[in-house]
Student: 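I have a structure here, written as structure tokens, and I will follow up with some questions on it.
The first residue of the sequence shown is numbered 1, and numbering continues consecutively from there. Only a predicted model underlies this, so the values are computations on that prediction, with no experimental measurement involved. Computed from heavy atoms alone, side chains included, the values below leave out hydrogens, waters and symmetry copies.
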Amino acid sequence: MQRFSLSVLQLRGDISAPLAFAIGMMAGTIWYFSVEFEPVMTALAASTALVWAITIWLRRLAGAAIYLTICTVLCGAMSGAMVGGLATQRVAHTTIAAPTGPVLLEGWVLAAQPGRSGVRLVMQVHAVEGLEAAETPRKVRLTHVLSLQTEPGRFVRCWAMLRPPPQPVIPGDYDFARQAWFSGLGAVGYVQGRCRGGALGPPKSIRDRIGLQFGTWRRQLARYVQDAAGARAGGFAAALASGDRSFMRLDDQEALRGSGLAHLLAISGLHMGIVGGLVFLFLWRACALVEPIALRWPVKKPAAIGALLVCTAYLLISGAGLSTQRAFIMSAVAFTAAIFDRTALSLRSLSIAMIIILALAPWSVLTPGFQMSFAATGGLIATYEAWRRRRQELRQTRRNGPVFWLKSLFVTSTVSGLATTPFALFHFERIAGFGLPANLLAMPIISLLSAPLAGAALLLAPFGGDAWALRLFGASLEAVLYIAHVFADWGDHSALRWPKMPGPSLALFALAIAAYAVVYGGWQKLLAVLALSGLAILVWTMMATDRIHWAPSGELFLETPYMPVERIEVVDGEGLAPLRFANAPVTRVCKDQIACTIGFGTASIEVSGVAHVGTTNVSIIEANAAELAPRLSISWPDVIAENGITLQRHGGRYERLKKPDCGFRAWRPCPAE
């Protein structure tokens, strides 16, 4: 019997230390933010130093390549955990301890973004009534329901209800508290009435003044672009130009999400690449026309420097959000590689960009934007490098003009869609069923019309001739919005229910994408991807089960793997519903009844005492249980005390899931008594 050899999976020859280190750093960062305790920094530092010492020693030995690669991955993992711990300490800030209000809050408006219930104001706080300076959060986010009569950069006074950033009420829900902690938000809430302007000038800190000034410029740019691009797509144009979505209609945003075109909303690598690429191409060709420059210097280098400067300006004027920072770093790495005569787009440059982003903002590793952008970019780089090698083997040099461009468009949309699908299912539990055809129709408009017109407006703005370019820019975006609405409506009629993907399945899908990028050869690559993806689907199917969630909002959520969630109103609670089910329709109302019985699979759910909130109980009775067997019962006071309770079917019976203990992570404080 012949022994199977791992050499059948041939790895790429350009697997380098940056790639191995980046993979390990990403794994270590995910571990740091996922564990339910705060790792000891001294232990992490000692372990990191030890692994680094071993790695340096192995570099001196011959024939230790595999061990050196393993140690490089371990170095990255330990370094990732270290930067996570340092980031938690670096961004430490004040968070209010308990709900309070209404209180008078004074501060400066940093940003205004649309929401379902109103405009969301991010404010830099000057003072809060009744709170000492040491107890006052530096930034808060408030929902402004009435019409907004203020602008970013203005000082305002608001009567507001404040509360600590909410923590997840069910396992697997979006951890807003963690994101708020690293965003610097110390409280969230809503405005009672309307925020009024004040007479106080800008803050004393130079850093805060610069931030407010850029916020004012960004708002002015967004308003100017909106007015010039037209009423229908003006808000969309403003969002693409400045990152300010406050002028955009909510139905347009939903259509872009439902059609798989939501990536156009974020100032991402697409926008940064288009802006930098257009400037690079323009400067490159312009310098080539000047004979003294073209004969004495490589014209690509000044073009790359100019593109890098323009990308920096775009980063600052667009608000420097997390996705924009990630796109800027990736663009900066590509243009810097061009300056130093390196390959601009390669797995090495992608690895360097990942390392820089994780070092600056390690918490972003858990965000869908980070995961989806790097998965799509890595898959595209691997695909086009394989395509290039294939063309070299066939000695094909011509690109066949429009035919090659159409092939590239189809391959780009298909590969990026497949690479990001697992992450979309994990984070959003849905995919755009018609995302591929929507992108195939919309991206030519963006690439051939919208991007050149936006670039023309940028170049003509100093001479006052940008109005016509912006109007045509808005007209091209109207066509994109039409495509988005059409395919979003089709997607709503063909929506499928997906069970919640577990973390191990997502890890296996990520390994499949990594294998696609690093495994050399055709059938070996296909074998690795299919094996890992099949194992991920198997784990996903085996871990799918029924769950019962009782949220502090007073609602009961019954979740089955392949059916829409049932939302049952039991009591009137003051807490929040799970973000996963925020848009689920109410299917039954029990709060007006004395008792309520609900059938759920093989079990029966009895809700008693609903006329008295303090004595309301939910009991689970298994159909195959004996009459004298104890029934699983939970009460409303327990739900309030634990901020939600989840029951999960395991081995034919429901078991109560233990929630993570509070107080062990900086973003998960224990509630005030």
Side-chain angles (χ1 to χ4, degrees), residues 18-19 22-23 25-27 29-30 33 80 174 179 182 239-240 243 256-257 260-277 311 314-315 318-335 337 344-385 411-428 431-432 435-436 439 442-443 446-447 451 506-507 509-514 516-518:
L19 178 59
I23 293 175
M25 192 173 183
M26 183 172 58
T29 310
I30 292 175
F33 289 109
Y174 175 65
Q179 193 66 24
F182 289 102
L240 294 182
L256 289 170
R257 294 188 185 98
L261 298 174
H263 58 89
L264 297 177
L265 288 175
I267 303 295
S268 59
L270 171 66
H271 308 84
M272 197 71 71
I274 289 176
V275 171
C311 288
Y314 192 26
L315 169 73
S318 62
L322 193 60
S323 60
T324 315
Q325 295 177 31
R326 181 174 59 250
F328 170 76
I329 291 174
M330 295 182 68
S331 301
V333 170
F335 289 125
L345 291 177
S346 64
L347 289 178
R348 177 185 290 270
S349 61
L350 183 69
S351 304
I352 295 173
M354 185 185 298
I355 293 171
I356 295 174
I357 293 172
L358 289 176
L360 296 177
W363 59 89
S364 65
V365 71
L366 297 178
T367 61
F370 178 96
Q371 298 170 4
M372 297 173 77
S373 64
F374 277 105
T377 307
L380 288 173
I381 290 175
T383 298
Y384 279 104
E385 287 189 352
V411 170
T412 299
S413 300
T414 304
V415 172
S416 60
L418 291 175
T420 56
T421 292
F423 302 95
L425 288 173
F426 179 81
H427 291 284
F428 311 117
I431 56 174
L436 178 59
N439 277 275
M443 292 314 297
I446 294 292
S447 303
L506 183 66
F509 278 121
L511 286 176
I513 297 173
Y516 178 78
V518 303

Student: How are the rings of Phe182 and Phe33 set relative to one another: parallel (under 30°), tilted (30 to 60°) or perpendicular (over 60°)?
Tutor: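 It falls in the perpendicular class, over 60°.
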Student: Are Gln179 and Tyr174 packed together at the side-chain level, in the sense that at least one heavy-atom pair is separated by less than 4.5 angstrom?
Tutor: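 They are in contact (side-chain heavy atoms under 4.5 Å apart), so the answer is yes.
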Student: Do side-chain atoms of Ser364 reach the backbone of Ala361 as a donor and acceptor pair under 3.5 angstrom?
Tutor: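 The answer is yes, because a donor-acceptor pair under 3.5 Å joins these two groups.
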Student: Give me the atom names and distance for the closest heavy-atom approach of Ala22 to Ser351.
Tutor: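 Closest pair (atom of Ala22, atom of Ser351, distance): CB-O, 3.8 Å.
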Student: What pair of heavy atoms forms the shortest contact from Gly378 to Leu350, and how long is it?
Tutor: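 Looks like CA-CD2, 3.6 Å.
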Student: Can you tell me how far apart OG (Ser373) and CD1 (Ile357) are? Round to the nearest 0.5 Å.
Tutor: 7.0 Å
Student: Taking all heavy atoms of Ser416 and all of Ser413, pick out the closest pair and write down the distance.
Tutor: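 Between these two residues, the closest heavy atoms are OG-O, 3.3 Å.
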Student: Quick one: are Val365 and Met25 in side-chain contact, heavy atoms under 4.5 Å?
Tutor: no
Student: Can you find a pair of side-chain heavy atoms, one from Thr383 and one from Thr412, that are under 4.5 Å apart?
Tutor: no
Student: Please report the C-alpha distance between Leu506 and Gln371 in whole Å, then the side-chain angles of each, then the deciding distance to 0.1 Å, and finally whether the side-chain contact (heavy atoms from CB on, under 4.5 Å) criterion is met.
Tutor: CA-CA 11 Å; Leu506 183 66; Gln371 298 170 4; 4.2 Å; yes
Student: What's the shortest heavy-atom distance between Tyr516 and Gly379, and which atoms?
Tutor: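 Where Tyr516 meets Gly379 most closely, the heavy atoms are CE2-O, 3.6 Å.
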Student: Please determine whether side-chain contact (heavy atoms from CB on, under 4.5 Å) holds for the pair Leu358 and Phe370, giving the CA-CA distance in whole Å, both sets of side-chain angles, and the decisive distance to 0.1 Å.
Tutor: CA-CA 10 Å; Leu358 289 176; Phe370 178 96; 3.8 Å; yes
Student: Would Met330 and Thr377 satisfy side-chain contact (heavy atoms from CB on, under 4.5 Å), going step by step from the backbone distance to the final call?
Tutor: CA-CA 10 Å; Met330 295 182 68; Thr377 307; 3.8 Å; yes
Student: ring-ring contact (aromatic ring centres under 6.0 Å, His included) with Tyr384: which residues, sequence neighbours excluded?
Tutor: Trp387
Student: Could you list the residues that satisfy ring-ring contact (aromatic ring centres under 6.0 Å, His included) with Phe509, not counting sequence neighbours?
Tutor: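 Not a single residue meets the ring-ring contact (aromatic ring centres under 6.0 Å, His included) criterion with Phe509.
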Student: Do you know the tightest heavy-atom contact between Leu347 and Ile381?
Tutor: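 Looking at all heavy atoms of both residues, the closest pair is N-CG2, 4.0 Å.
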Student: Using modelled atom types only, decide if a donor and an acceptor are shared between the side chain of Asn439 and the backbone of Leu261 within a distance under 3.5 Å.
Tutor: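 Not confirmed, Asn439 side chain does not pair with Leu261 backbone.
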Student: Looking only at heavy atoms, which two atoms of Phe335 and Cys311 are closest? And how far apart?
Tutor: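 Nearest pair, atom of Phe335 first, then Cys311: CE1-SG, 4.0 Å.
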Student: Could you tell me whether the side chain of Ile513 reaches within less than 4.5 Å of the side chain of Phe423, counting heavy atoms only?
Tutor: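 The answer is yes, as the side chains (C-beta and beyond) meet within the 4.5 Å cut-off.
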Student: Between atom CD1 of Ile355 and atom CG of Leu19, what is the distance when rounded to the nearest 0.5 Å?
Tutor: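 It comes to 9.0 Å.
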Student: I'd like to check Met354 versus Met26 (side-chain heavy atoms, cut-off strictly below 4.5 Å). Are they in contact?
Tutor: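 Yes. Closest side-chain heavy atoms under 4.5 Å.
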